[in-house]
2 protein chains.
Amino acid sequence: MPTECSQRRLLLDEVVAKGFRLTSQRRALIQIIQQSRQHVDAATLLKLARKRDPRINRATVYRTLDLLKKLQLVDELDLMHLTGEKHYYEVRPDRQHVHLACCRCGRIVEFSSDTFDRLQSEIAAQTGFEIQVARLEVGGHCSSCAAAAHSATSASEAGKDALKSSVD
Amino acid sequence: MPTECSQRRLLLDEVVAKGFRLTSQRRALIQIIQQSRQHVDAATLLKLARKRDPRINRATVYRTLDLLKKLQLVDELDLMHLTGEKHYYEVRPDRQHVHLACCRCGRIVEFSSDTFDRLQSEIAAQTGFEIQVARLEVGGHCSSCAAAAHSATSASEAGKDALKSSVD
DNA sequence: GCATAAGTTGCGACTTAGTTGCAATTAGAA
DNA sequence: TTCTAATTGCAACTAAGTCGCAACTTATGC
């Protein structure tokens, strides 16, 4: 999710600075990604962009996303594939964060910590790997769903039946 | 990748223990996943399984993978989508590890550390999230490719052109 | 401001990955 | 051995993303 309007210009500038053209389509798509409070997927992005310019095409959305990924201006997320195989996008934040996806209620929680920062430095230092993206996604139950699941399970019983009826 | 044959029985047993039937298809698929040194994707798994039993079906592969995921016996990976949108699978190891994917040579390096373990505890403790899976994937350049990329760049020059010709 | 060349887009057909409903088959309990 | 619910194969389907190419647009130089 966008940190602030400080980035509003930046992404567009960055695209220009790297020598890419600033088309109305790119402008629109970038603005939509920045203004979105949620993580957006390609289909949603297309739908929103078409409200501004109905002629905008699906291929353009994918091509723009590819460009922004390459420029490392946006990050691609899977969010644990909770809702199919689509990808989600967010403006790359100053500080990397973890995405916690609740497979019961679908909520996405973001979490950042020094330990995560340190882990990345450690990886780079110990493996010589030059990190461009680090994506940590966690699946499980958020605190409220964990509580709900436990009380439900203690009554009914675990094992196959619990598994079969579970939402994940 | 499989840690050892100690798991060979375990996965099958686990499936039975949870009350699921042990069909010849499941047996074959589980064995293939365990014996594989590489991370396998669904299509490869199907191909390998058909060498044993040519009648085995694609749907069965996906359904079996779903089952093993739900039982938390295998983990699903994206490996940074280096080669398309397919998923890869590995037997869940005793200790979670990070996957480092080199977007230049495609090599996958595994890395585990106390810091990663600690990060997970920290997430659980601070957010109340009940972790079922934690998937940390890192994209970038492995040590040898990083060296190669640097020497190439210093000669030619960075910016758009370098970006355009790069493999990521 | 105007021409122009390279970058970008729209289109539409295509590929790849995964899903689904249903009839036929089979594992395993009785 | 019988029987039933779980599992499979099949085939048609959906969803997500890609690609080649002609048409259009941006940014540059004049």
Side-chain angles (χ1 to χ4, degrees), chain A residues 12-13 15-30 39-47 49-50 52-71 76-89 159-161 163-165 168, chain B residues 12-13 15-30 39-47 49-50 52-71 74 76-89 159-161 163-165:
Chain A
L12 295 174
D13 290 350
V15 169
V16 174
K18 299 273 180 176
F20 295 93
R21 290 192 180 166
L22 206 41
T23 65
S24 64
Q25 292 90 331
R26 285 179 179 168
R27 224 186 296 267
L29 291 168
I30 288 173
H39 302 105
V40 281
D41 60 280
T44 304
L45 196 50
L46 175 60
K47 212 174 62 187
R50 277 194 166 148
R52 304 191 186 200
D53 177 359
R55 285 178 47 81
I56 201 164
N57 191 270
R58 196 155 45 106
T60 303
V61 172
Y62 284 109
R63 288 191 279 230
T64 301
L65 287 171
D66 281 345
L67 178 65
L68 297 174
K69 273 190 284 178
K70 278 186 190 155
L71 294 177
E76 186 176 62
L77 311 170
D78 295 299
L79 300 182
M80 295 314 275
H81 304 296
L82 252 41
T83 43
E85 300 305 318
K86 59 179 164 251
H87 297 142
Y88 294 88
Y89 301 89
K160 183 179 181 178
D161 303 320
L163 217 183
K164 291 212 156 170
S165 59
D168 48 331
Chain B
L12 295 173
D13 290 351
V15 168
V16 173
K18 298 273 183 177
F20 295 94
R21 291 188 181 169
L22 206 43
T23 63
S24 64
Q25 291 90 334
R26 284 180 181 167
R27 223 185 298 266
L29 292 167
I30 288 173
H39 301 105
V40 282
D41 61 280
T44 305
L45 196 50
L46 175 61
K47 212 174 62 187
R50 278 193 165 148
R52 304 191 185 201
D53 176 1
R55 284 178 48 81
I56 199 163
N57 192 270
R58 194 156 46 108
T60 303
V61 172
Y62 284 111
R63 288 192 279 230
T64 302
L65 286 171
D66 281 344
L67 177 65
L68 297 174
K69 273 190 285 177
K70 278 186 190 157
L71 295 177
V74 305
E76 187 175 63
L77 310 170
D78 295 299
L79 300 182
M80 293 315 274
H81 304 295
L82 250 43
T83 44
E85 300 305 319
K86 60 180 163 249
H87 297 142
Y88 295 88
Y89 301 88
K160 183 179 183 179
D161 303 320
L163 216 182
K164 290 213 157 167
S165 60

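Here is the naming used below: chain letters follow the sequence lines, and residue numbers restart at 1 for every chain.
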Phosphate oxygens OP1/OP2 of [N]: is one of them under 4.0 Å from a side-chain N or O of [X]?
X: A:T60; N: C:dG10; result: yes
X: A:H87; N: D:dA16; result: no
X: B:T23; N: D:dA6; result: no
X: A:Q25; N: C:dG10; result: yes
X: A:N57; N: C:dC11; result: yes

Item to check | Sugar-phosphate, base or nothing in reach of B:A43, heavy atoms under 4.0 Å | outcome: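 No contact.
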
Next on the checklist: Considering every strand and a 4.0 Å limit on heavy-atom distances, what is the contact class for A:R26: base, sugar-phosphate, or nothing?
Outcome noted: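 Sugar-phosphate only.
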
Tell me the interatomic distance from [X], atom [atom1], to [N], atom [atom2], rounded to whole angstroms.
X: A:Y62; N: C:dC14; atom1: OH; atom2: C1'; result: 14 Å
X: B:R55; N: D:dT7; atom1: CZ; atom2: P; result: 18 Å
X: B:L22; N: D:dA5; atom1: CG; atom2: C1'; result: 17 Å
X: A:F20; N: C:dT8; atom1: CZ; atom2: P; result: 7 Å
X: A:R50; N: C:dG10; atom1: CZ; atom2: P; result: 9 Å
X: B:E85; N: C:dG18; atom1: CD; atom2: C1'; result: 12 Å
X: A:R21; N: C:dA5; atom1: CZ; atom2: P; result: 13 Å
X: B:E76; N: C:dA17; atom1: CD; atom2: C1'; result: 11 Å

Next on the checklist: What I want to check is whether an N or O donor and acceptor connect the side chain of B:R58 with the base of D:dG9 at under 3.5 Å.
Outcome noted: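 Result: no qualifying N/O pair found.
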
Next on the checklist: Determine whether a donor-acceptor pair (one donor, one acceptor, N or O, separation below 3.5 Å) exists between the side chain of A:R63 and the base of C:dG10.
Outcome noted: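 Yes, the side chain and the base share a sub-3.5 Å donor-acceptor pair.
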
Checklist entry - How are the rings of B:H81 and A:H81 set relative to one another: parallel (under 30°), tilted (30 to 60°) or perpendicular (over 60°)? => result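 Plane angle over 60°, so perpendicular.
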
Next on the checklist: Taking A:L46's backbone N and O only, do any of them form a donor-acceptor pair with A:R58's side chain (distance below 3.5 Å, no angle check)?
Outcome noted: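 Checked: no pair found.
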
Item to check | Earlier contact from the 5' end, DNA chain C, for B:R27 and B:D66 | outcome: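 Result: B:D66.
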
Checklist entry - Does A:D66 pair with A:K69 as a salt bridge, N-O distance under 4.0 Å? => result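 The answer is yes: the pair qualifies as a salt bridge.
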
Item to check | Contact summary for B:Y88 and B:H39, nearest pair of heavy atoms | outcome: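 Taking every non-hydrogen atom into account, CD2-O, 3.5 Å.
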
Next on the checklist: The test is side chain to side chain donor-acceptor pair (under 3.5 Å); show your working for B:T60 and B:N57 and say whether it passes.
Outcome noted: CA-CA 5 Å; B:T60 303; B:N57 192 270; 5.0 Å; no

